[in-house]
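Within every chain, numbering begins at 1; the chains are lettered A, B, ... in the order of the sequence lines, protein sequences first and strands thereafter.
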Amino acid sequence: GENVEQHPSTLSVQEGDSAVIKCTYSDSASNYFPWYKQELGKRPQLIIDIRSNVGEKKDQRIAVTLNKTAKHFSLHITETQPEDSAVYFCAASIEGGSEKLVFGKGTKLTVNP
Amino acid sequence: GAGVSQSPSNKVTEKGKDVELRCDPISGHTALYWYRQSLGQGLEFLIYFQGNSAPDKSGLPSDRFSAERTGGSVSTLTIQRTQQEDSAVYLCASSLAGTTYNEQFFGPGTRLTVL
């Protein structure tokens, strides 16, 4: 079955710097890759997603890139702010299949003011 | 509109007891998922419902775990003879399956502690 690896497990940056989180997946049939943000004590919330027919997607300060050949995808946050501090999870699924999400173990991002 | 809700928010039980966790999905969402989040870990898939049927139960860790969904809405996850390793946050999610956009919306979770 699908396996998703996520790195790093913790990331600390200064406010205004960029942050990059990387994930790899094992099942070449996976075609949907969402990123969720989970603030302390709160539910995970989708922040951006990408489908396998595109290589990059941007939404203001966040962007996701996908390399299907290498089976990896990355989250990029620019101009980080303290409110970006949270745990970020990448996931993979096969749209049109069971649609279950297979998650990475998460990255705890700390943005220092 | 109302999001996904779960109850109870916290449950403390003794080893060996049975527990029931409830999920109310967003109205009109036909797909419902249960995940488990252990401390410091990612979210682990348990079971997926499409309507009232469960085409994917592959994540249930043992036969002590079962789930049902009635009326295409509310779902209950039951854990029998709880063990300490069952302690985790149990998250439910729903999505508007059948479309090309399958964002899963999560509930707040039930924190289960088995003493």
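- Contacts between A:Gln38 and chain B at a heavy-atom distance below 4.5 Å involve the side chain alone, from C-beta outward.
- Interface residue B:Gln37: only side-chain heavy atoms are found under 4.5 Å from chain A.
- The closest side-chain heavy-atom distance from A:Gln14 to A:Val111 is not below 4.5 Å.
- Neither side chain, B:Glu103 nor A:Tyr32, offers a donor N or O lying under 3.5 Å from an acceptor on the other.
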Candidate pair A:Tyr25 and A:Phe33, rule side chain to side chain contact (heavy atoms under 4.5 Å, CB included), full reasoning: CA-CA 10 Å; A:Tyr25 62 99; A:Phe33 307 93; 3.6 Å; yes

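- Scanning all heavy atoms of the two residues, the minimum distance from A:Ile94 to A:Ala29 falls at CG1-O, 3.7 Å.
- B:Asn52 and B:Thr70 share no side-chain donor-acceptor pair at under 3.5 Å.
- In this structure, the portion of B:Leu91 lying under 4.5 Å from any heavy atom of chain A is its side chain and not its backbone.
- A:Pro44 touches chain B through backbone and side chain together, each having a heavy atom under 4.5 Å away.
- Between chain B and the residues A:Gln45, A:Lys42, A:Lys105, A:Lys108, the largest count of heavy-atom pairs under 4.5 Å involves A:Lys105.
- When the heavy atoms of residues 77-93 of chain A are compared with those of chain B, the residues falling under 4.5 Å are A:Phe89, A:Ser93, listed by number.
- Around atom NZ of A:Lys68, more than 12 heavy atoms belonging to other residues, nucleotides or ligands sit under 6.0 Å away.
- Proximity of B:Cys92 to B:Tyr35: side-chain heavy atoms (C-beta onward) are nowhere separated by under 4.5 Å.
- The shortest distance between side-chain heavy atoms of A:Phe103 and A:Tyr36 falls below 4.5 Å.
- Identified by a heavy-atom distance below 4.5 Å to chain A, the contributing residues of residues 106-115 of chain B are B:Phe106, B:Gly107, B:Pro108, in residue-number order.
- At a cut-off of 3.5 Å, with distance as the only test, a side-chain donor of A:Ser30 or A:Glu2 sits close to an acceptor on the other residue.
- In this structure, B:His29 NE2 and B:Ser73 OG are separated by 11.5 Å, a value rounded to the nearest 0.5 Å.
- For B:Gln50 and B:Thr30, the side-chain atoms include at least one donor-acceptor pair closer than 3.5 Å.
- Ring geometry for A:Phe73 against A:Trp35 counts as perpendicular: the plane angle is over 60°, on a 0 to 90° scale with 30° as the lower cut.
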